[in-house]
Structure formats: structure tokens, C-alpha cells
K.L.:
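Take a look at this one; I'll ask things after.
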Amino acid sequence: MNGQPDSAVLEMLVELACRAPSVHNSQPWRWTYSAHGLDLYTDRSRLLGVIDPTERQMVMSCGAALDHLHKAAAAFRWTADIDVLPTPGAPDHLARIRFAHDAHPRSHEFDLLAAINRRHSDRRAFGAVSAGRDLTKYVGRDTHGVELTVLSAESTQTLAKASMLSASIRKYDATYQAEIRWWAGHSFRSGGIPPEALTDHADASRVRVGRQFPEPHRVARVLAQEPVEDEATVVLLGTESDDRLDWLNCGRAMSSFLLAATADGLATCPLTHMTEQSGSRQLVESLTPRGGVAQVLIRVGTAMIGSPPPRTPRHPVASVLSVPVPARVVNRNRS
């Protein structure tokens, strides 16, 4: 592995990559490091089979981790050459990354590295984005074929309708309710969304386009501050088609947006529930001027005054990264 990061550097980069958002903090990724480079795979044991039966959100989550890795590597002077879906017939093998120690980071790369450490999904109401701020710049020039649309304030009614439609379909779905209660609001540290990161019913009701989570038994209380109603801007990421490569690239573009917005001092929260059901997804797609397939929405705005939600837990790097152990030298004593 001449010219490749050593195991300590590799573990640091993967740890930063795994701070990416994933559907209900399922962290559905695994990494292997060999002479061929670093490989990213989906971890099907972390699939949310009811919420995400097509694996779309699982792959999108892995795409976000892939982009986090790319940006973290650049800040540490490593260029990451990414080959996506490198093994025909092996859909779980999402990417192979080869490194070269020739990157020349600028201040923006260090800003994004800091954003990796600060970013979190904030489910509270937001203040408005300042007038004149161009949110389209947050995806950068390489969007991997993903289209970003900044939705108008008038679109909120349609989004709220789509959110309500999704919730009404799921309300009496016992398997969905069981799955979301397992992944959201429990006190285990094996993944999922802890109760401290959820909002209570009063706070959640101010965000008309948010997913309905179970009422947490314990939440970190935040004193209400103006504005009490959500004034977030919502952006939509969409693709021309709806296959595995689209999902992976959409996750990469989502990561780029979230990190750039965080570096710019804004709060964010990805939303996927409105694209899980065909009816609500069609409502969302009706808001796009050029059509296409709606993949994920992101609320963005000014964070409320007060303590932010705590960081959701992550698995230890050793549980998601396999690094080969150098062969031991065995001394054979001959008699």
C-alpha cells in the first residue's frame, strides 16, 4: 500500500466519514481496506425494511458518508479517487477509493472539516434564511447529476399536505410503527435516534413538514424562543432516474449541501418521509419546474437560540472498518 494512508490515518478518515447523516441514524455502512484501496459496502443488517424496502435511503446514507470521507481526506492532503459501483453484479459494493497524498487544501476545505464535527440534524423550528443568500452554491459545481431546487415559501402548503399524507398512510401500519419506535426514541447506544435528539409534540407541531416521531419519554428541554413558527427554507434534491447510482450520488450531493450550509452558520435537517410513499412523492415532484424524481428534501434556516440537540451516537470505527493485520513471522524450530 505504498503511498496510501496508514491504518491510523485511515481510521481517522473513516471516523469522520461515519459522522454523516443516515436514515434514523442506522449507519448502514461498512468499510474494508486492502492493497486495492478502501472499499465501501452497504450493511444490510442495518436496513430499515419497512421504511426503506427498496434500499434507497440506505444507499443515499452511504453516499453521504462517501462525500464526508472525500472532504475529510482533502483537508488532510489526500486526494480520494472514487470509483462508484465498481463490481458488476455486486450491488452492495458501492465504491472503491484510492488515495494520493497530493491534495493542496485551502481554507474552505478546513471549514468543511470543521463542519463535519459540528453538523447535526436539528428538528426544531428555524428562523428564516437571510435574503439574498444563494443556497444553490452549497452543492458546488460537481453535483453528480443531482438537481437542486430551492422551493418557494408558497410551496409550504403542498409540502405540509405531502407530510400529512405520508403520516396518514403510516398511522395504522403496525410494522412501520414498530420499526420507527425501535429506531427513534430508545435509550440504547447501538444506533438510532436517542430521545434527547427528538422534540416533543408542541415543538414538533411547529414544523409542519417534519416526520412524525413517537413522543419521547425524555427530551432536552429548550425554552421557546422567537420565532416559534418554522420559517425554514426547503430545498429539494432530485434526479432524472431512480436507480442505485442516482441514490448514491444524491447522498453525496446531500452531504455537500449540509456541510456547506453548516460551515456558513445555518441549521439543517434532511427529510425523506415525503418521498417514501408514491402519493406524497408525486406532490413533492409537482413543485419542481423541470420534473424528475424527488429523492430528499432539506430544511435549512437559522437555528433557534438555546442549546442545540445532542450529537447522535456513532458505532466505534473498529466495528465498521476492516483493516488487514500484517502477517506474523512464525519461527519454526527444527529439532
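Basis for what follows: all heavy atoms, side chains included, without hydrogens, waters or symmetry-related copies. Just so you know, residue 1 is the first one in the sequence shown, and it goes up from there.
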K.L.:
Donor-acceptor pair, distance only, cut-off 3.5 Å: does the side chain of Arg314 make one with the backbone of Cys18?
P.N.:
yes
K.L.:
Using modelled atom types and a 3.5 Å cut-off, is there a donor and acceptor pairing between side-chain atoms of Thr87 and backbone atoms of His93?
P.N.:
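No, the answer is negative, given that no donor and acceptor are paired below the 3.5 Å cut-off.
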K.L.:
Any donor-acceptor pair under 3.5 Å linking the side-chain atoms of Arg46 with those of His315?
P.N.:
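Judged by distance alone, the side chains do pair up.
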K.L.:
Checking His273 now: which residues fulfil ring-ring contact (aromatic ring centres under 6.0 Å, His included) with it, not counting sequence neighbours?
P.N.:
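For His273, no residue satisfies ring-ring contact (aromatic ring centres under 6.0 Å, His included) once neighbours in sequence are set aside.
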K.L.:
Heavy-atom distance under 4.5 Å between the side chains of Tyr33 and Asp39, does that happen here?
P.N.:
no
K.L.:
Between Met12 and Phe76, is any pair of side-chain heavy atoms under 4.5 Å apart?
P.N.:
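Heavy-atom side-chain distance check passes, below 4.5 Å.
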K.L.:
Between Asp43 (side chain) and Ser45 (backbone), is there a donor-acceptor pair under 3.5 Å?
P.N.:
yes
K.L.:
Quick check on Gln212: does its CD atom have over 12 non-hydrogen neighbours (other residues, nucleotides or ligands) under 6.0 Å away?
P.N.:
no
K.L.:
Parallel, tilted or perpendicular for Phe213 and His24, by the 30°/60° rule?
P.N.:
perpendicular
K.L.:
Could you tell me which non-hydrogen atom of Ala65 sits nearest to which non-hydrogen atom of Ala17, and how far apart they are?
P.N.:
O-CB, 3.4 Å
K.L.:
From the options Arg281, Gln57, Arg56, select the one residue that forms a side-chain hydrogen bond (donor to acceptor under 3.5 Å, both in side chains) with Thr275.
P.N.:
Arg56
K.L.:
Whether the side chain of Asp83 engages the backbone of Arg96 through a donor-acceptor N/O pair (distance < 3.5 Å, no angle test) should be reported.
P.N.:
no
K.L.:
Using modelled atom types and a 3.5 Å cut-off, is there a donor and acceptor pairing between side-chain atoms of Glu109 and backbone atoms of Arg106?
P.N.:
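Yes; at least one donor-acceptor contact below 3.5 Å.
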K.L.:
Decide whether Gln295 and Thr239 meet the rule of one side-chain donor and one side-chain acceptor closer than 3.5 Å.
P.N.:
yes
K.L.:
List the atom pairs, with distances to 0.1 Å, where a side-chain N or O of residues 143-151 and a protein N or O form a donor-acceptor pair under 3.5 Å, not counting sequence neighbours.
P.N.:
unit_1	atom_1	unit_2	atom_2	d
Thr143	OG1	Val146	O	3.3
Glu147	OE2	Arg290	NE	3.0
Glu147	OE2	Arg290	NH2	2.7

K.L.:
Measure from the side-chain N and O atoms of Asn25 to the backbone N and O of Gly192, and report whether any donor-acceptor pair falls under 3.5 Å.
P.N.:
yes
K.L.:
Any donor-acceptor pair under 3.5 Å linking the side-chain atoms of Thr272 with those of Arg211?
P.N.:
yes
K.L.:
Could Arg244 and Glu55 be called an ion pair, given the rule that one side-chain N must be under 4.0 Å from one carboxylate O?
P.N.:
yes
K.L.:
If we ignore hydrogens and angles and just use 3.5 Å, is the side chain of Arg299 paired with the main-chain N or O of Arg124 as donor and acceptor?
P.N.:
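Looks like yes, one N/O pair under 3.5 Å.
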K.L.:
May I ask you to decide if Leu258's main-chain N or O and Thr262's side chain share a donor-acceptor pair within less than 3.5 Å?
P.N.:
yes
K.L.:
Heavy atoms, side chains only, cut-off 4.5 Å: are Ile298 and Met254 in contact?
P.N.:
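The answer is yes, as the side chains (C-beta and beyond) meet within the 4.5 Å cut-off.
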K.L.:
Considering all heavy atoms of both residues, which atom of Leu283 and which atom of Thr158 are nearest to each other, and what is their separation?
P.N.:
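Between these two residues, the closest heavy atoms are O-CG2, 3.7 Å.
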K.L.:
Dump the intermediate steps for salt bridge (Lys or Arg N to Asp or Glu O under 4.0 Å) on Asp81 and Arg98, then the final yes or no.
P.N.:
CA-CA 5 Å; Asp81 182 22; Arg98 295 178 176 87; 5.6 Å; no
K.L.:
Decide, yes or no, whether a salt bridge links Asp92 with Arg44 under the criterion of side-chain N to carboxylate O below 4.0 Å.
P.N.:
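Answer for the salt bridge query: yes.
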K.L.:
Report yes if some heavy atom in the side chain of Leu16 is under 4.5 Å from a heavy atom in the side chain of Val14; otherwise report no.
P.N.:
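No. Closest side-chain heavy atoms not under 4.5 Å.
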K.L.:
Kindly compute the distance separating OG1 (Thr32) from CZ (Arg30), expressed to the nearest 0.5 Å.
P.N.:
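Atom-to-atom, Thr32:OG1 and Arg30:CZ are 7.5 Å apart.
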K.L.:
Side chain of Glu285, backbone of Ala294: donor and acceptor closer than 3.5 Å?
P.N.:
yes
K.L.:
Would you say that Trp182 contacts Gln177 through its side chain, given a criterion of any heavy-atom pair below 4.5 Å between the two side chains?
P.N.:
no
K.L.:
Taking the side chain as everything from C-beta on, heavy atoms only, tell me whether Leu236 gets closer than 4.5 Å to Val284.
P.N.:
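Counting from C-beta outward, Leu236 and Val284 do come under 4.5 Å.
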K.L.:
With rounding to the nearest 0.5 Å, note down the distance linking CG in Leu38 to CG in Leu13.
P.N.:
8.5 Å
K.L.:
Backbone N or O of Phe126 within a donor-acceptor pair of the Glu231 side chain at under 3.5 Å?
P.N.:
no
K.L.:
Can you confirm whether Arg133 is buried at CZ, in the sense that more than 12 heavy atoms of other residues, nucleotides or ligands lie under 6.0 Å from that atom?
P.N.:
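Result for CZ/Arg133: enclosed.
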K.L.:
Kindly give the heavy-atom pair with the smallest separation between Ser166 and Gln277, and that separation in Å.
P.N.:
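Answer, listing the atom of Ser166 first, then Gln277: OG-CG, 4.4 Å.
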K.L.:
Just to verify, what does His101 make a ring-ring contact (aromatic ring centres under 6.0 Å, His included) with, not counting sequence neighbours?
P.N.:
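His101 satisfies ring-ring contact (aromatic ring centres under 6.0 Å, His included) with Trp78 only.
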K.L.:
State, yes or no, whether a side-chain contact exists between Val209 and Leu271 at a heavy-atom distance under 4.5 Å.
P.N.:
yes
K.L.:
For Ser255 and Lys71, which I'm curious about, is there any donor-acceptor pair between the side chains at under 3.5 Å?
P.N.:
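Absent: no donor and acceptor within the cut-off.
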K.L.:
Within a 6.0 Å radius of atom CE on Met164, are there more than 12 heavy atoms belonging to other residues, nucleotides or ligands?
P.N.:
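No.
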K.L.:
Taking all heavy atoms of Pro21 and all of His68, pick out the closest pair and write down the distance.
P.N.:
CD-CE1, 4.2 Å
K.L.:
Do Ser155 and Ser152 get their side chains close enough for a donor-acceptor pair, meaning under 3.5 Å?
P.N.:
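Note: Ser155 and Ser152 side chains meet the donor-acceptor criterion.
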K.L.:
With a 4.5 Å limit on heavy-atom distance, are the side chains of Asp173 and Ile169 in contact?
P.N.:
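No, their side chains stay 4.5 Å or more apart.
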